[in-house]
Chemist: 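This structure is in structure tokens; I'll ask about it shortly.
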Amino acid sequence: QLYSNRYAGDKVIRLIPNTEEEANALKKIYHQLKVDLWQPSSISYVSKGAVTDVHIPQNGSQALLAFLQEANIQYKILIEDLQYTLEKTSSLRPQRNRR
Amino acid sequence: YLSGYNYEVYHSLEEIQNWMYHLNKTHPGLIHVFSIGKSYEGRPLYVLKLGRKSRTYKRAVWIDCGIHAREWISPAFCQWFVKEALLTYKSDPTMRKMLNHLYFYIMPVFNVDGYHFSWTSDRFWRKTRSRSSRFRCRGVDANRNWKVNWCDEGASMHPCDDAYCGPFPESEPEVKAVATFLRKHRKHIRAYLSFHAYAQMLLYPYSYKYATIPNFSCVESAAYKAVNALRSVYGVQYRYGPASSTLYVSSGSSMDWAYKNGIPYTFAFELRDTGHFGFLLPEMLIKPTCTETMLAVKNITMHLLKKCP
């Protein structure tokens, strides 16, 4: 297993805060949960209307999702299980290689 | 190594270095590999000088890939570019003109320590791997460490942040090495291209402020034609424009520094995709991504050669 399976259960979630209040709330929870921001590169960029893609470890994803649901912030799960996607994309090699 | 090396898979740092050594030996007429310094962890910083060797003066284009470690499609593109250049030099008049009139300085992996770390330990590492005795966190964002409005908006002073600007400008030996090289050769370097992922964008200055560059007309038309050429291959849409308004404001970027230091045409590509795979772009998408980007780069180069002062 790649990277000793460390990404098992991790998710990548896309959020677009609709208001500055939502953006500020997200910044706060991102700091608390120590997320890995895929987009943008810094928490300071999180603002109203800006797309944020956040990689959240397995042990933080429940807390984040619960927070998003309670705050009624729309989100989309881009990657349900990062380890699975990592393994899968590594195996999606061009046909020529498999031959 | 052109037909034996697989350009449609991601390669480790060691594999990329061996590839460069081999090309240096097998293509002496078009390739010269040299080191511009050492990384924080002591690895050589290799650059390929690509182009027909000439005693007469030739201008140059600088291309770097892999400033951010986890953006693996970026070094893959640099390798693809070299491969295409060597393969089509004789058969493609455009490529022949490019390599006859210009030198290309290609740095396939800028952030060698970070790239190696992303292969061996943390796939999503972004920064360099430098340490400070004062802080527990490692690494500096190599695209916030340049001396252009350094550590202002869009960069972080906190060492544990991914956009950490560093203790001072050019604190990172990798940044220092490239900056030194570009300063030394700036009179004949005509364009600077830097490759990142992911967002599907073609960006030009400024990143650090909302303002229009003096040579906007030529830069904007080059970008417009490039994204159209890119889209013509597989229909993939790239946005283009000044980085500050198209992406976000960020200070200390290499693109802005190169522009400020006299390189008149500077661009940053954000390659595929827009979030479906993100940094995990599958290997089967290396070929289409690189093919379309290749066309964009050729377009920019020819536009600058023919249409821009």
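In the text below, chain A, chain B and the rest are named by the order of the sequence lines, each starting its count at 1.
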Chemist: Dump the intermediate steps for ring pair (Phe, Tyr, Trp, His ring centres under 6.0 Å) on B:Phe279 and B:Tyr198, then the final yes or no.
Modeler: CA-CA 7 Å; B:Phe279 300 119; B:Tyr198 58 90; 5.0 Å; yes

Chemist: Is B:Asn143 in contact with chain A via its backbone, its side chain, both, or neither, using a 4.5 Å heavy-atom distance?
Modeler: neither

Chemist: Are any non-hydrogen side-chain atoms of B:Thr266 and B:Tyr204 less than 4.5 angstrom apart?
Modeler: no

Chemist: Counting a contact as any heavy-atom pair under 4.5 Å apart, which residues of residues 144-152 of chain B contact chain A?
Modeler: B:Arg144

Chemist: Looking at B:Glu153, B:His276, B:Arg70, which makes the most heavy-atom pairs under 4.5 Å with chain A?
Modeler: B:Arg70

Chemist: Quick check: are there more than 12 heavy atoms from other residues, nucleotides or ligands sitting under 6.0 Å from CD of A:Glu20?
Modeler: yes

Chemist: Could you check A:Arg14 against A:Asp53 for salt bridge (Lys or Arg N to Asp or Glu O under 4.0 Å), going step by step and ending with a plain yes or no?
Modeler: CA-CA 4 Å; A:Arg14 173 162 286 181; A:Asp53 293 344; 2.7 Å; yes

Chemist: Using the ring of B:Tyr206 (Phe, Tyr or Trp, six-membered ring only), decide whether B:Lys209 places NZ or CZ under 6.0 Å from its centre and within 45 degrees of its axis.
Modeler: yes

Chemist: Can you check whether B:Tyr5 and B:His11 have ring centres sitting under 6.0 Å from each other?
Modeler: yes

Chemist: Contact part of A:Leu37 toward chain B, heavy-atom cut-off under 4.5 Å: side chain, backbone, both or neither?
Modeler: backbone

Chemist: Non-hydrogen atoms of chain A under 4.5 Å away: do they reach the side chain of B:Trp72, the backbone, both or neither?
Modeler: side chain

Chemist: In Å and rounded to the nearest 0.5 Å, what is the OG1 to CG distance from B:Thr293 to B:Leu271?
Modeler: 4.5 Å

Chemist: Any side-chain heavy atom of B:Met294 sitting closer than 4.5 Å to one from B:Trp80?
Modeler: yes

Chemist: Around atom CZ of A:Arg6, are there more than 12 heavy atoms of other residues, nucleotides or ligands at under 6.0 Å?
Modeler: yes

Chemist: So which residue, B:Gly278, B:Ala163, B:Gly154, ends up with the most heavy-atom pairs under 4.5 Å with chain A?
Modeler: B:Gly154

Chemist: Kindly confirm or rule out a cation-pi arrangement of B:Arg129 over B:Trp125, judged by NZ or CZ under 6.0 Å from the six-membered ring centre and within 45° of its axis?
Modeler: yes

Chemist: Under a 4.5 Å cut-off applied to non-hydrogen side-chain atoms, are B:His68 and B:Asp141 in contact?
Modeler: yes

Chemist: Please list, in residue-number order, every residue in residues 73-86 of chain A that has a heavy atom less than 4.5 Å from any heavy atom of chain B; write 'none' if there are none.
Modeler: A:Leu78, A:Ile79, A:Leu82, A:Thr85, A:Leu86

Chemist: Looking at side-chain heavy atoms only, is the closest gap between B:Glu15 and B:Tyr10 below 4.5 Å?
Modeler: no

